[in-house]
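Working notes, structure below.
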Amino acid sequence: MSGFLLTGTAPTRARFSFEVFPARSGAAALALGHAVQHLAGADPDFISVTYGANGSNREASLDLLRYLRDHTDALPLAHLTTVGESREVVRETIHAVMDAGIHDFLALRGDPPRGLDEGDPSIAGSLSSLELVELVAEARAERPRMTSVGRTAVAVYPNGHPLSRSRTEDIEWLLAKQEAGAQLGITQLFFRSEEYLDFVADARSAGLRIPVLPGLMPVSTSAQLRKVASLAGRPAPVELEREMEESGGFAPELGVEYAVELARELLAGGAPSIHLYTFNRHEQVLAVLRELNLLA
Ligand code: FAD
């Protein structure tokens, strides 16, 4: 386990981390166990585990975090969301994760569950990610010193969060997360290196000091490409979209090629590391790392 971002040791080559999500069926869980072994074997800085809005998959998230802890050498990092949950339940969840020996968090507000919108009182009244960062710090302070180490990461939106009205607002909100105690940023997906590099440069000029990991996903299908475009808030690159369609909507090698180029530009531009959204598969993300010569 290297964990340079989490321990402060200088890396000899660019580093990387992964995101996985809890399996939704027994068969998917078997496949995920296999994928996770390959991912952990690549020696990432950490493997993060997503968390469903409304605590909908709290137990599945915790199970996967424990699996990483018990069956791999990778450092598990727990996503946490607050949407639709009371302060007390969020506090209990933080302690349940820490009781499992996991102390690294990605503090998120979460998206409204299907059927609810931002204006719903249960959503509008949810704790923000800022309050969650503070709550994690409070929970750490309540525990014995030896078990309270760990870092708190927060989400970053190079192309703006849908609720934000301007880049200035996005940057101010990110700076507020830093002030609340966040030590690391991880970005939403995006397609072009300048979207990340320009945003980080602007945020640095405004006072951002924490590292920001660019989030990348090597897409395999046209449907994934459309999903990434909707998360990125930008259209997919026309050529990639066309080539993917011409391959019948399934072409993992195209997604790998695109992610490799993007990662090269990001690392050359000063990104400290890359965070790969795996979609619970190891083949494509490991192909990206191999191509970048980042695997030992
Ligand atoms: P917040 O930081 O609380 O707020 C979102 C935005 O709202 C801010 O960026 C800002 O623009 C605006 N805003 C809010 N309050 C204010 C204010 N007082 N003043 C000004 N502006 C304000 N979702 C899940 O459900 N589970 C996951 O596991 C998950 N993992 C993710 C991982 C990453 C790396 C990223 C980038 C996103 C992830 N998400 C996940 C999605 C995330 O929960 C949504 O994008 C959600 O809409 C916002 O969460 P947040 O923590 O950024 O929210």
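Ligands are counted one by one from 1 in listed order, and the atoms in each one are counted from 1 as well. Just so we're clear, the structure is a prediction, and the values are computed from it rather than from any experiment. In what follows, every heavy atom counts, from backbone to side chain, and hydrogens, waters and symmetry copies are set aside.
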Considering all heavy atoms, the nearest F21-R24 contact: CE1-NH1, 4.0 Å
Nearest neighbour in protein (non-hydrogen) for atom 46 (C) of ligand 1: D111 OD1, 3.3 Å
Side-chain donor-acceptor pair present, S220, Q284, cut-off under 3.5 Å: yes
Protein contact to atom 12 (C) of ligand 1 [nearest heavy atom, distance to 0.1 Å]: L163 CB, 4.0 Å
Ionic contact status for D99 with R66, cut-off 4.0 Å: no
Mutual orientation of the aromatic rings belonging to H71 and Y67 [parallel < 30°, tilted 30-60°, perpendicular > 60°]: tilted
E92 and R58 ion-paired at < 4.0 Å: no
Residue part near ligand 1, for R109, under 4.0 Å between non-hydrogen atoms: both
Hydrophobic cluster identity match, V20 and Y277, side-chain contacts under 4.5 Å: yes
Shortest heavy-atom approach to atom 32 (C) of ligand 1 - which of I171, L106, D170: L106
Ring pair (Phe, Tyr, Trp, His ring centres under 6.0 Å) between F16 and F18, worked out: CA-CA 7 Å; F16 54 86; F18 298 123; 5.6 Å; yes
K177 to ligand 1, any heavy atom closer than 4.0 Å: yes
Heavy-atom nearest option to atom 9 (O) of ligand 1, drawn from Y277, Y51, W173, F21: W173
Side-chain H-bond candidate by donor/acceptor type, T152 with R140, under 3.5 Å: yes
For R167 against F199, the heavy-atom pair lying closest together: NH1-CA, 3.3 Å
Contact atoms of ligand 1, heavy-atom distance to T81 under 4.0 Å: 24 (C), 25 (O), 26 (N)
Winner among S128, G110, P158 once heavy atoms are compared against atom 23 (N) of ligand 1: G110
Mode of Y157 contact toward ligand 1 - side chain, backbone, both, neither (heavy atoms, under 4.0 Å): side chain
Nearest-contact summary for atom 11 (O) of ligand 1 - protein heavy atom, Å: S164 CB, 3.1 Å
Q188 neighbourhood, listing ligand 1 atoms whose heavy-atom distance to it stays under 4.0 Å: 36 (C)
Closest protein heavy atom (residue, atom, distance) for atom 40 (C) of ligand 1: L108 CD1, 3.8 Å
Residue, atom name and distance, where the atom is the protein heavy atom closest to atom 3 (O) of ligand 1: S129 N, 2.9 Å
Atom indices of ligand 1 within 4.0 angstrom of T50 heavy atoms, with elements: 28 (O)
salt_bridge(R281, E283) N-O dist < 4.0 Å: yes
Minimum-distance protein heavy atom relative to atom 30 (N) of ligand 1: H79 ND1, 3.1 Å
For A155, the ligand 1 atoms whose distance to one of its heavy atoms is below 4.0 Å: 35 (C), 36 (C), 52 (O)
